[in-house]
Amino acid sequence: MTLNLEKPLNLENPKRVGVVITTYNSPDWLANVLIGYEAQTDSDFTVLIADDGSDQQTKAVIEEFKSHGILRLEHHWHEDQGFRKTEILNKVIAATDCDYLIFTDGDCIPRADFIAVHRREATRGYFLSGGYIKLTTPVSELINDEMIRQQSIFDQRWLIDQGQPKSFKLKKLTRSRLLVSVLNRLTPTKATWNGMNSSGWRDDIVSINGFDERMQYGGLDREMGERLFNKGVKSKQIRYSAVCLHLDHPRGYSKPEIWAFNHALRKKVKAENISWTDFGIQKSSVEG
């Protein structure tokens, strides 16, 4: 049996790619992430920082990277009034003129081909679901600027030598195009929208009114992806093609009652085939 590895013809390529990076008071992690974007093989993109109310330390990091002159950087910020990630994301979506948006977090370091893969795989009628590897706390704290620039952190053997547990998940770091293609096809993991590594056309996201601002931590990204499915947008698996490393940190904003609310909302979205939220980019009178 011969596998057909040729890519389908993409009749419409993204013209302006934006990378939406969420952050909140994690300036050291954000600096590592921005170094990863400075190291991209495809440099034709805009970094859109979605800042959920960070203090001056984060602003200082962003200004420093602006001074490097490598990245096109926009800093979108609103006042700290608790967890309002969905609100700042919607503000970025509404403000940008980028036609294709990659969504990730300020604790996810991208491999050097990250942008190139998302651009290459972007296809009308689909969103892309990428992969990530969760690092342990000791390995996360070990990483420095030079390791990111040299890309040693994306070597399976290097990670294991530093104490990262051996796992099949490390196969996401394989460089074999044949193996990547096979794993993307065979993985039992569904190609869902995840906030660490997913991308889609801005007009598709606007057509469902973006993120539901009632959602807090716990499934908020998946909920938007489920509405995209209900709208008719399909998903494409690039779990083993576009990879980032997730730095470990505590999550004080994870609460059982929030998870319960979010779960109930997602259940309703699925059961009623809902694609539009009245609590998104455009505000409905129901909020008043």
Side-chain angles (χ1 to χ4, degrees), residues 14 16-38 40 45-66 71-110 114-115 118 127-128 130 132 193-206 208-225 228 244 246-247 249 251 253 262 277 279-283:
R16 296 177 302 280
V17 173
V19 184
V20 183
I21 304 175
T22 56
T23 192
Y24 175 72
N25 282 336
S26 300
D28 293 338
W29 274 186
L30 180 61
N32 284 344
V33 170
L34 292 178
I35 291 169
Y37 284 101
E38 286 187 337
Q40 291 297 297
F45 61 94
T46 302
V47 173
L48 306 165
I49 305 290
D51 187 345
D52 194 17
S54 300
D55 59 26
Q56 290 297 313
Q57 293 182 65
T58 293
K59 182 178 180 181
V61 167
I62 294 169
E63 291 303 315
E64 177 187 346
F65 276 87
K66 283 184 178 179
L71 297 172
R72 293 196 299 270
L73 264 168
E74 295 180 13
H75 185 196
H76 298 261
W77 178 92
H78 62 191
E79 186 179 355
D80 186 358
Q81 296 179 0
F83 188 93
R84 294 193 295 152
K85 177 180 176 180
T86 48
E87 292 184 37
I88 193 63
L89 283 170
N90 280 341
K91 289 174 183 175
V92 171
I93 295 165
T96 186
D97 64 353
C98 293
D99 64 326
Y100 194 81
L101 298 174
I102 303 168
F103 289 78
T104 185
D105 284 337
D107 53 12
C108 294
I109 304 175
F114 186 81
I115 299 292
H118 274 277
F127 70 79
L128 304 179
Y132 57 89
W193 188 284
N194 71 78
M196 295 181 192
N197 186 356
S198 292
S199 66
W201 298 90
R202 179 183 178 275
D203 55 9
D204 284 338
I205 297 168
V206 169
I208 61 166
N209 210 19
F211 290 86
D212 190 312
E213 294 181 6
R214 293 173 295 175
M215 298 281 287
Q216 296 192 43
Y217 180 80
L220 62 91
D221 307 290
R222 291 281 293 274
E223 189 275 339
M224 191 187 76
L228 282 170
C244 58
H246 179 231
L247 302 167
H249 59 86
R251 294 165 183 81
Y253 38 77
N262 289 357
T277 175
F279 301 86
I281 299 169
Q282 298 180 41
K283 302 299 186 289

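Quick note: numbers below take in every heavy atom, side chains included, and nothing from hydrogens, waters or symmetry partners. Numbering of residues begins at 1 and proceeds along the displayed sequence.
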Tested for side-chain hydrogen bond (donor to acceptor under 3.5 Å, both in side chains) against His246, the lone hit among Asn197, Thr104, Asp107 is Asp107
Test item: [X] and [Y] side chains (from C-beta on) under 4.5 Å apart, heavy atoms:
X      : Y      : value
Met224 : Thr277 : no
Tyr37  : Phe114 : yes
Trp77  : Ile49  : no
Arg202 : Tyr100 : no

Nearest atoms (heavy-atom pairs only) where [X] meets [Y]:
X      : Y      : result
Ala94  : Ile281 : CB-CG2, 3.9 Å
Ala95  : His76  : CB-CE1, 3.9 Å
Leu228 : Phe127 : CD1-CD2, 3.9 Å
Ser199 : His118 : OG-ND1, 2.8 Å
Asp52  : Lys85  : OD2-N, 3.4 Å
Glu223 : Asp212 : OE1-CB, 3.7 Å

**Prompt:** Under the side chain to side chain donor-acceptor pair (under 3.5 Å) criterion, do Asp80 and Tyr24 qualify, and how do the steps go?
**Reply:** CA-CA 9 Å; Asp80 186 358; Tyr24 175 72; 2.6 Å; yes
Spatial distance of atom [atom1] ([X]) from atom [atom2] ([Y]) [nearest 0.5 Å]:
X      : Y      : atom1 : atom2 : answer
Met215 : Phe83  : CE    : CZ    : 9.5 Å
Leu30  : Thr23  : CG    : OG1   : 4.5 Å
Leu128 : Trp201 : CG    : CH2   : 9.5 Å
Ile109 : Cys244 : CD1   : SG    : 9.5 Å
Ser26  : Asp105 : OG    : CG    : 10.0 Å
Arg214 : Asn262 : CZ    : CG    : 10.0 Å

*Working for side chain to side chain contact (heavy atoms under 4.5 Å, CB included), residues Leu71 and Thr46*: CA-CA 7 Å; Leu71 297 172; Thr46 302; over 6 Å; no
Check: [X] side chain, [Y] main-chain N or O, donor-acceptor pair, under 3.5 Å:
X      : Y      : value
Asp99  : Pro14  : no
Asn194 : Gly130 : yes
Ser54  : Asn25  : yes
Gln40  : Ile115 : yes

* Asked: Is the count of non-hydrogen atoms from other residues, nucleotides or ligands lying under 6.0 Å from Lys59 atom NZ greater than 12?
  -> no
Are there over 12 heavy-atom neighbours, none belonging to Glu63, within less than 6.0 Å of that residue's CD?
yes
Going by atom types only, do Asp51 and His78 share a side-chain donor-acceptor pair under 3.5 Å? no
Check your understanding: Between Asn90 and Glu213, do the side chains contain an N or O donor and an N or O acceptor separated by less than 3.5 Å?
Key -> yes
*asked:* Evaluate Ile62 against Lys66 for side chain to side chain contact (heavy atoms under 4.5 Å, CB included), listing each step before the verdict.
replied: CA-CA 6 Å; Ile62 294 169; Lys66 283 184 178 179; 4.1 Å; yes
Apply the test side chain to side chain contact (heavy atoms under 4.5 Å, CB included) to residues Val33 and Ile35: give CA-CA distance (whole Å), side-chain angles for both, the deciding distance (0.1 Å), then the verdict. CA-CA 5 Å; Val33 170; Ile35 291 169; over 6 Å; no
* To do: Apply the test side chain to side chain contact (heavy atoms under 4.5 Å, CB included) to residues Asp221 and Phe211: give CA-CA distance (whole Å), side-chain angles for both, the deciding distance (0.1 Å), then the verdict.
  => CA-CA 8 Å; Asp221 307 290; Phe211 290 86; 3.7 Å; yes
The single option from Leu89, Val20, Leu73 that satisfies side chain to side chain contact (heavy atoms under 4.5 Å, CB included) with Leu48 is Val20
* Could you tell me whether Phe103 and Trp193 have their ring centroids closer than 6.0 angstrom? => yes
